[in-house]
Amino acid sequence: MSYQNISEHIEDHILTLKIDRPKKLNALNRETIQELHEALKSAKHDDEVKVVILTGGGEKAFVAGADISEFADYSPKEGKRLSADGQEKLFNYVANFPKPVIAAINGFALGGGLELAMAAHFRIASENAKMGLPEVSLGVIPGYGGTQRLPQLVGKGRAMEMIMTAGMIDAQQALQYNLVNHVVSQEDLLDFAEELAGKIMKNSLVAVSAAIRAVNANYEDGVNGFEVEVNEFGHSFGTDDFKEGTSAFLNKRKADFPGK
Ligand code: COA
């Protein structure tokens with residue numbers, strides 16, 4: 001499928017989705033959110049795709065936020081709809097995606113950009129990356145999950161400070177805050193992300209998917225994550241991957257997971 005605002009590349013079962021509006025620092029307008037949703041939806045059902053990497057086009061930005069020019073004259077009702085639609089179509093969709101999603105932050109990740117990276121299952125950043133939630137400097141608050149996911153990742157005090165000051169942190173500080181897992185040079189960023197994807201793909205992706213659901217359950221209101229874990233754990237015993245993984249171990253050979 002051809003898109004106007006994003007580009008896709010599939011190689012070795014890794015789908016790299018690039019938000020590609022570099023002249024606007026990859027700002028997320030509605031169309032870009034829709035295109036990302038569609039690309040992810042087809043990736044969900046595409047057996048060729050096992051891991052997704054999200055990154056930004058150009059050398060300057062991952063995503064510099066929601067497109068400010070698009071919502072500058074919105075009413076409260078339209079603002080609420082923008083937030084709810086975006087959360088449903090993209091941010092929660094990424095967080096609950098059944099295949100691993102890695103954010104490769106290659107520059108500015110601000111506002112909706114950082115929120116998108118935080119919705120991914122984990123993040124790596126290039127040395128030049130800068131991250132922040134500057135919404136209060138525009139008279140609005142983060143609306144794509146930032147008030148919830150930033151405290152989960154960095155702790156309440158740091159999140160409050162970042163949100164209230166609207167300031168940016170650099171990649172090293174993001175690493176110190178546990179906001180990103182690794183910092184590498186911009187040149188090495190995608191190779192490094194692919195290397196991590198390769199390590200994941202050696203494992204049972206059926207089990208990886210169950211692990212995503214169990215970890216996410218910890219962050220869902222009214223859901224007992226331990227119970228979800230017990231159920232997912234039990235369910236694993238009925239999969240072909242489990243039979244293959246355990247028999248390979250016991251027979252001292254490398255597992256070749258059927259992915260079922
Ligand atoms: N929405 C819409 N357009 C954006 C944007 C956003 N979030 N971020 C950047 N752009 C556009 C700029 O308007 C500019 O477009 P123009 O060339 O047509 O004027 C272009 O991208 C380049 O940005 P510019 O500001 O000239 O680059 P810079 O290097 O001077 O500054 C930033 C980079 C990231 C510091 C600055 O663009 C910025 O503060 N962006 C907004 C960040 C933000 O508040 N995001 C949260 C939104 S809720």
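Hydrogens, waters and symmetry mates play no part in the numbers below; they use all other heavy atoms, side chains included. As the structure lists them, so they are numbered: ligands from 1, and atoms in each ligand from 1.
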Review point. With a 4.5 Å limit on heavy-atom distance, are the side chains of M201 and I14 in contact?
Key: yes
Review point. Is there side-chain contact between P151 and M160, with heavy atoms separated by less than 4.5 Å?
Key: no
I'd like to check [atom] in this structure: does the protein have a heavy atom lying under 4.0 Å from it?
{"atom": "atom 30 (O) of ligand 1", "result": "no"}
{"atom": "atom 39 (O) of ligand 1", "result": "no"}
{"atom": "atom 43 (C) of ligand 1", "result": "yes"}
{"atom": "atom 12 (C) of ligand 1", "result": "no"}
{"atom": "atom 19 (O) of ligand 1", "result": "no"}
{"atom": "atom 23 (O) of ligand 1", "result": "yes"}

Revision key, fill the gap. Ranking A66, G65, P22 by closest non-hydrogen atom to atom 6 (C) of ligand 1, top hit is A66
Point to revise | Option whose closest heavy atom lies nearest to atom 28 (P) of ligand 1, chosen from K60, M168, E70 | key: K60
May I ask you to identify the nearest protein heavy atom to [atom], giving residue, atom name and distance to one decimal place in Å?
{"atom": "atom 32 (C) of ligand 1", "answer": "L25 CD1, 4.2 Å"}
{"atom": "atom 45 (N) of ligand 1", "answer": "A64 O, 3.0 Å"}
{"atom": "atom 5 (C) of ligand 1", "answer": "A27 CB, 4.0 Å"}
{"atom": "atom 16 (P) of ligand 1", "answer": "K24 NZ, 3.6 Å"}

Is there a donor in the side chain of [X] and an acceptor in the side chain of [Y], or the other way round, less than 3.5 Å apart?
{"X": "D241", "Y": "T239", "answer": "no"}
{"X": "N5", "Y": "E35", "answer": "yes"}
{"X": "Q152", "Y": "Q148", "answer": "no"}

Considering the heavy atoms of [X], write down every atom of ligand 1 situated less than 4.0 Å from one of them.
{"X": "D67", "value": "1 (N), 2 (C)"}
{"X": "E135", "value": "48 (S)"}
{"X": "L110", "value": "34 (C), 42 (C)"}

Review point. Closest approach of R123 and L179, non-hydrogen atoms and distance?
Key: NE-O, 2.8 Å
**Study point:** Shortest non-hydrogen contact between A197 and V51, atoms and distance
**Key:** CB-CG1, 3.7 Å
Practice item. Give the intermediate values and the outcome of salt bridge (charged side-chain N to carboxylate O under 4.0 Å, His left out) for residues R30 and D67. Key: CA-CA 8 Å; R30 275 180 180 270; D67 192 319; over 6 Å; no
Review point. With only distance considered, is I68 within less than 3.5 Å of ligand 1 through an N or O on each side?
Key: yes
Practice item. Determine whether any heavy atom of P134 lies closer than 4.0 Å to an atom of ligand 1. Key: yes
Point to revise | Contact with ligand 1 for K23, non-hydrogen, under 4.0 angstrom | key: yes
Review point. Are I68 and V140 grouped together when hydrophobic residues (ILVMFWY) are joined by side-chain heavy atoms under 4.5 angstrom apart?
Key: yes
Exercise for review: Kindly check if the number of other-residue, nucleotide or ligand heavy atoms within 6.0 Å of OH (Y74) is above 12?
Suggested key: yes
Exercise for review: Assign the ring pair Y93 / F97 to parallel, tilted or perpendicular, where the plane angle (0 to 90°) is split at 30° and 60°.
Suggested key: tilted
